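Remember, predicted model here, so these are calculated numbers, not experimental data. Counting starts at 1 for both ligands and their atoms, in listed order.
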Amino acid sequence: MWGGRFSTKPADLMQAINVSIGFDRRLAHQDLAGSRAHAAMLAAVGVLTSADEREIQRGLDQIEAEIIGETFPFREEFEDIHMNVEARLRELIGPVSGRLHTARSRNDQVALDVRLWVREACERSIDQLRALQNSLLIQAEKNADVLMPGFTHLQPAQPVTFGHHLMAYVEMFGRDADRFADARRRMNECPLGAAALAGSPFPIDREATAKALGFDRPTANSMDSVAARDFALEAMSNAAISAVHLSRLAEEIVIWSTPQFGFVSLSDAFTTGSSIMPQKRNPDAAELVRAKAGRLLGALSALLVVMKGLPLTYSKDMQEDKEPLFDSFDGLELALSAMTGMIGDLVANREAMRAAAGRGFSTATDLADWLVRVLDLPFRDAHHVTGAIVKQAELKGQDLWELPLEMLQRIEPRITAEIFEVLSVEASVDSRTSYGGTAPMQVHAQIARWRSQLSAS
Ligand code: ARG
């Protein structure tokens with residue numbers, strides 16, 4: 001492509017380090033879309049004759065067909081996707097193909113292709129997050145009044161419902177989807193026409209190409225257009241955050257499905273056996289979802305470090321954006337699908353959860369709250385009294401609701417039998433009716449809110 005200036009071929013090692021077709025072939029469709037819009041615009045402003053444009057479009061159509069039919073010859077000697085398409089176009093339509101590169105550079109071309117790819121990746125992620133939310137909503141509804149321990153420090157804290165616990169993830173994945181929508185909105189500006197870095201002397205119509213490619217407007221600075229990759233970093237950050245959320249849910253599924261917890265059963269579809277231990281049901285899918293977060297975080301930091309300190313504008317370093325970018329979204333998409341499948345199939349073991357919900361003096365806060373409400377104790381004093389009661393219960397190996405009233409009264413004489421009404425797990429959960437609380441009526445209200453929100457979007 002630049003034979004005029006050079007007298008010898010690049011070294012084999014130069015080709016080895018330079019070549020990107022092995023991975024940027026994934027940008028073929030984006031590259032063709034950009035070329036089509038560019039050619040149409042050049043014709044509209046009179047830089048290309050309409051006959052030449054027709055030839056170019058015909059060649060591009062044929063290339064598209066070859067790519068779809070998997071007959072397109074991806075060749076390493078042409079380095080990257082842009083030059084592979086250009087070389088093939090020349091084979092198909094001859095020298096007129098060379099006119100397509102008027103008022104364009106690979107710098108704005110690659111900036112465009114990556115932007116189009118990231119925009120689609122954001123859209124796919126949003127759709128997948130919505131599907132996962134729907135799957136969680138169905139389970140939350142089924143389990144809106146299933147009691148389970150709520151944990152802090154993975155120690156029993158206060159009883160909650162399983163539905164409420166699942167709805168916590170509906171909130172997280174909802175914010176993840178919003179973050180992708182926000183990133184998409186911010187990045188939706190077209191860099192095509194920035195050319196190498198300074199813009200073009202040809203009378204190009206950047207508004208037209210922006211519009212044709214579904215962008216809100218052209219980018220406003222040609223140097224920024226070819227130098228920026230923060231749109232990719234932002235999308236990858238969002239992906240990493242979402243992967244972290246997925247890893248937390250995955251970790252809980254791993255814990256919940258142990259025989260020791262026995263809170264949930266995973267379907268055969270999402271577990272594996274052991275080649276030596278016949279009793280095993282391993283939550284491999286959950287473990288791999290948990291592990292994907294590591295990969296996504298690695299990919300994000302890889303690209304952050306590649307971009308750090310790069311002088312404006314384009315540097316070849318930026319070719320290293322693609323593999324971490326693709327790896328992030330491949331990982332995220334797989335993790336989201338696997339999690340959606342696992343959640344859909346998950347069966348809650350109500351009895352095991354209910355039994356665990358009462359363990360560990362989980363209604364101790366309810367006892368303290370009663371002392372505040374009924375006896376008007378300052379909360380700190382109530383906390384102290386409750387601590388003493390818990391200590392007694394622990395010594396006796398009894399639950400709070402099993403303690404004799406006289407024993408409670410030895411610690412705080414004004415306690416009455418009424419206190420037993422708040423010590424059960426059911427009463428504890430039912431009482432938490434504050435907005436966003438775990439009482440089943442609140443959980444149902446949040447499920448209804450999300451359902452109408454998701455069906456409106
Ligand atoms: N393959 C290159 C990349 O991915 C395309 C841009 C090359 N531009 C250049 N001036 N060498 O970044």
| Any donor-acceptor N or O pair under 3.5 Å, side chains Arg130, Gln133 | yes
A student checking ligand 1 against Ser20 at a 4.0 Å heavy-atom cut-off should list atoms 1 (N)
**Message:** Check Arg449 with Glu171, please: is the shortest side-chain N to carboxylate O separation under 4.0 Å?
**Reply:** yes
In ligand 1, the atoms that come under 4.0 Å of a heavy atom of Val110 are 3 (C), 4 (O), 5 (C), 6 (C)
Below 4.0 angstrom, N of the basic side chain to O of the carboxylate: do Asp182 and Arg185 qualify? yes
Ligand 1 to His82, heavy atom cutoff 4.0 Å, flagged ligand atoms 5 (C)
### Query
Any side-chain heavy atom of Glu189 within less than 4.5 Å of one from Arg115?
yes
Closest to atom 4 (O) of ligand 1 among protein heavy atoms sits Lys322 NZ, 2.5 Å
When distances are taken from atom 2 (C) of ligand 1, the protein heavy atom at minimum range is Gln319 OE1, 3.3 Å
min-distance protein heavy atom vs atom 5 (C) of ligand 1 -> Asp80 OD2, 3.4 Å
Residue, atom and distance of the protein heavy atom nearest atom 6 (C) of ligand 1 read Tyr314 OH, 3.4 Å
query: Can Arg124 be said to sit on top of Phe329's aromatic six-ring, NZ or CZ under 6.0 Å from centre and within 45° of the ring axis?
result: no
When rounded to the nearest 0.5 Å, the distance separating CZ of Phe270 from OG of Ser257 is 13.5 Å
Hey, is Asp330 close enough to Arg26 for a salt bridge, meaning N to O under 4.0 Å? yes
At under 4.0 Å between heavy atoms, what of Glu79 touches ligand 1? The answer is neither
Among non-hydrogen protein atoms, atom 11 (N) of ligand 1 lies closest to Arg106 NH2, 3.4 Å
The option among Asn107, Asp24, Thr313, Leu27 carrying the non-hydrogen atom nearest to atom 10 (N) of ligand 1 is Asn107
